[in-house]
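This report refers to the structure that appears directly beneath it.
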Amino acid sequence: MTARPISRDVGKSHDVGSWRADIFERVANDARFAGLFATSRDTSTTLTAVLVEAEKVIAVDTDLTEDHYRSLTERVPAAFWYERALHELSGITPLGHPRLDPLLLPSEATTHPPRPGGAPARTEGLTPAELKGPTDVSGYGMFTIPHGPVRSGVFESVEYLIETPGEDIPHLNIRPHYKHRGIAKAFEGLTVDDGVLVAERVEGISGVAHALAFCHAVEALAGLTIDEHTGLVRVVYAELERIANHLDVAMRLCDAAGLAVATARFGWHKERVMRLTSGLCGSRFGRGVIVPGGVASRHAQPEPGWAQLDHDLMRLRRDVEADARVLMRTASFLDRLRTTGILQPDLARRWGALGPVGRASGVDDDHRRVRPYDGYRQLDVPAVDSGAGDAQARLAVRWQEISAAFDLLHAAIPTLAGQPVAAPAATRAFTVPDGRGFGVAEAAQGEALHSVEIRDGLVVRCFARSASLHNLALFHDVFHGDIFTDFPFIEASFGLSIAGAAM
Amino acid sequence: MPWVTRGLRNGVVTSRWPRHADDYFDTFPAAVDVNPDPSVLSLESVEEIDGLCPTGAITIADPPPDGTTNGGTNGGASCGQRLPQVRLDRGRCILCGRCVAQRPDLFSWAPGSDTARLERDQLVVGSVPDTEDNLRAVQAELARRVRSLRRSVHIRHVDAGSDGSDEWEIQALMNPVYDVHRLGIFFTASPRHADILLVTGIGSVGMLAPLQRTRQAMPDPVVVIAAGVEAISGGLLRTSYIGRAGIGEVLDVDIWVPGSPASPFSLLHAILLALGRLPAVHPQDTRAGGKADEGSG
């Protein structure tokens, strides 16, 4: 692990003006804007923009002396939600931001900032306020349908305020604040061993990927290397998680189309994946496996044996791919997906759309392939064919990723089966020096990105950014002439987790 | 049309639980147990054990006065020795397995998905006082309330700040493996049609009002199930500025089902426990959860 592609602290101690200029210049030179957060210290606040360039992840910092700065959103649209979030959470005002409505706190913004970063929270008196949603479209017969927060069916809580004259959806507003859980603050003061448990719960359905991103950050900071065996074990859990997530999306799409048999089939396949995972480690979500420095020692060599897993996966693959082929020839299903919820390639690129949502619109920045980590260094992750950027293209990308995941598992598992386990990496003692590390991992939703700052062995700030937060804002821009009944298809095709977006 | 034949391809994949035993139900490590005889527990290791659990689920209680046993699982073994008493609160346990890995003499995985309980106190295992009489009263009261619901129920789920995994497990109840429709259990969009309120998540501030409104819109009788440790105690986020130490602070909870998240079989166990529809005990199953229902079943 000599070429860990994460660099740190580029351009420290900018003043705000040159900080902005630096960001604009890098974005103009094809850096992907991947996040923005504030770290509140006792006497000062640091603003950090995260940019992903061809080879590495870069952080650009500036120390704020005042509680405001000039907004980035006018030049970097993808900063839109990040600036709203830091406005509420850190009490910093981005001047000139087009809409500073509450996004994450169910309260009037800035009066009660929890201030992640070690500074004392000012959240006393944070009382639930039922906020009236904005109205952006006016005209004859326009009205707003609040879709949520208690949804129809078993869904995570979120509210879509759909402004409509009846059929079309000219505009909608997304309000994830209902289930904001204060994740950033929950990391603070924890050891890295406890921190990874919180990381698993940033986005519960992609817990392995978030645990990996957190551990990569810690390992980068501590200068730890991961041995080959451990790296491959991590790949096994990450790919099982990816298959389960993509099957979940397929199941929801079939459910939206009323294909009862297909829904049942993919639901069954997903259950089989989760049982394979629990057979390996006891948790259906692979929790407790990934730890800083490696994998928990009891999971280095699982009970049922790798050969059995390989055999089961081959059978599962046959069933999944046969069902997928039939599904992608089912006309009544494809009619609902084709040209539905198109994300324009141009917008996807400017926004830096992540994961399958980006890939279906031609933006493919898969960390496993472009900046490989863990076992992916010795495995071959193929690029996927993009498509027209519609819901069908997103599903097609997921099928390719499922096949690739089975390939990766079939490549990794025989190697694992033939390897004796050396001293499990996780049992080595290590200390984490003070400082900040960045870690990324490719979740099923897209890039999971963690910035972890450590002082005296404890986490003082963890910015855990899921792809769901980054991609959910794109939901505003994909309803071109799509109507009400397309909504469940577009939502399912994005495959996001509200928990990750609401933080 | 190909879906017709595909649907028949693999035969019946549905579990036969609760009428028949199910391997996955019986073997899934859904909880942690305190070993019955922690004779090695010395006062020096008390501090170490105290710091073992990231959610503070493990507590050490003082030995009972004058060595009387108190009906708990390790009461008999420690009789007269005045050892500190180890307790584990499954309502806080996130199943990270750290205690089992570091102190296998004290803690072990408890296979079996029958983890739902009628009382919050029942989730505490180890040496705990006997609450048998109280439990019977609770059980009788619940049985009276759900008499009209036993054959078929409709469930309204509300996410009050979960990490998203709980919803997957609830959704799984409708897949062909669990297929809860076979048991007359349905999920409904309208709280007006719902008999059971199934709540996940930490009880985030933003969801409190929608949660209360959903509860108020439900016609009595209502059974409230808190699903997962986040709903029971807040789990890892119990000190969050935006959550609650469990939704029990805002709702009258009837059934507590631990897990992080609660597995589909544990959720099904909770639903049937609420309705008094659990079978007495399977021939090969003599664990406590199955027996809890004898009175009303």
Side-chain angles (χ1 to χ4, degrees), chain A residues 105-107 114 121 123 126-128 130 149-150 152-157 177-183 185-186 190 193-194 197-198 201-205 207 248 259 261-262 264-265 267-268 270-271 274-275 278 282-285 287-288 296-298 319 322-323 326 329-330 497-500, chain B residues 2-4 6-7 9-10 13 24 28-29 54 94-98 101 109 156-172 174-178 187 189-191 201-202 204-211 213-214 230 235-237 239-243 260-261 263-264:
Chain A
L105 287 185
S107 171
T123 47
L126 183 76
T127 47
E130 298 239 26
V150 178
S152 162
V154 180
F155 286 98
E156 290 189 71
S157 294
H177 68 252
Y178 292 96
K179 61 176 298 180
H180 173 63
R181 291 172 297 147
I183 279 287
K185 219 55 187 164
L190 299 183
D193 291 330
D194 285 356
L197 298 174
V198 177
R201 286 155 180 84
V202 169
E203 191 169 43
I205 59 175
D248 183 68
L259 288 177
V261 178
R265 294 284 294 181
W268 175 49
K270 179 185 163 198
E271 177 70 19
M274 300 191 70
R275 288 190 175 197
S278 76
S283 160
R284 290 163 58 87
F285 292 84
R287 289 185 179 173
S297 50
R298 65 186 180 284
D319 291 345
D323 283 342
V326 174
R329 287 199 298 259
T330 303
S497 162
I498 303 303
Chain B
W3 286 112
V4 176
R6 294 211 74 77
R9 179 161 301 210
N10 296 85
V13 298
Y24 194 68
F28 186 76
I94 57 165
L95 302 170
C96 66
R98 194 179 293 171
W109 290 106
R156 174 66 248 190
H157 155 258
V158 175
D159 161 20
S162 76
D163 63 23
S165 60
D166 305 81
E167 282 64 38
W168 268 28
E169 298 297 57
I170 296 170
Q171 187 93 45
M174 286 168 276
N175 77 28
V177 179
Y178 302 98
F187 284 82
S190 168
I202 58 172
S204 61
V205 165
M207 278 309 290
L208 289 184
L211 180 62
R213 272 204 299 276
T214 306
E230 290 183 343
L236 274 171
L237 304 178
T239 55
S240 156
Y241 56 86
I242 199 106
S260 186
S263 71

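Sequence lines set the chain letters: A, B, ... in the order given, protein chains first and strands last, and positions in each chain run from 1.
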Does this structure show an ion pair linking Asp163(B) with Arg287(A), if we count only N-O contacts that are shorter than 4.0 Å? yes

Chain A contact via [X] - side chain, backbone, both or neither, heavy atoms under 4.5 Å:
X         : answer
Pro191(B) : neither
Leu211(B) : neither
Ser190(B) : neither
Ile202(B) : side chain

Please report the closest heavy-atom contact between [X] and [Y], naming both atoms and the distance.
X         : Y         : answer
Tyr178(A) : Gly206(B) : CD2-O, 3.3 Å
Leu197(A) : Ile94(B)  : CD1-CD1, 4.0 Å
Thr214(B) : Val150(A) : OG1-CG2, 3.8 Å
Gly164(B) : Ala499(A) : N-CB, 4.1 Å

I'd like to verify something: which residue of [options] has the highest number of heavy-atom pairs under 4.5 Å with chain A?
options                                    : result
Gly7(B), Pro261(B), Ala101(B)              : Pro261(B)
Asp166(B), Ile170(B), Leu236(B)            : Leu236(B)
Trp168(B), Trp109(B), Tyr24(B)             : Trp168(B)
Ser204(B), Ala189(B), Ser263(B), Ala172(B) : Ser204(B)

Relative to chain B, which of Val261(A), Ile498(A), Ile205(A) shows the most heavy atom pairs under 4.5 Å?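 The answer is Ile205(A).
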
One option among Ser278(A), Gly288(A), Ser497(A) has the most heavy-atom pairs under 4.5 Å with chain B, and it is Ser278(A)

Distance from [X] atom [atom1] to [Y] atom [atom2], nearest 0.5 Å?
X         : Y         : atom1 : atom2 : result
His180(A) : Met207(B) : NE2   : CE    : 15.0 Å
Leu237(B) : Arg201(A) : CG    : CZ    : 8.5 Å
His157(B) : Phe155(A) : NE2   : CZ    : 10.5 Å
Asn175(B) : Glu271(A) : CG    : CD    : 5.0 Å

Indicate yes or no for a side-chain donor-acceptor contact from [X] to the backbone of [Y] under 3.5 Å, with no hydrogens or angles considered.
X         : Y         : result
Ser157(A) : Gly161(B) : no
Arg98(B)  : Asp193(A) : yes
Arg265(A) : Arg6(B)   : yes

Given a strict heavy-atom distance threshold of 4.5 Å, which part of [X] is in contact with chain B: side chain, backbone, both, or neither?
X         : value
Asp194(A) : both
Glu203(A) : backbone
Arg329(A) : neither

Check whether the side chains of Ser165(B) and Arg284(A) place a donor and an acceptor atom closer than 3.5 Å, and report yes or no.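 Result is no, nothing qualifies.
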
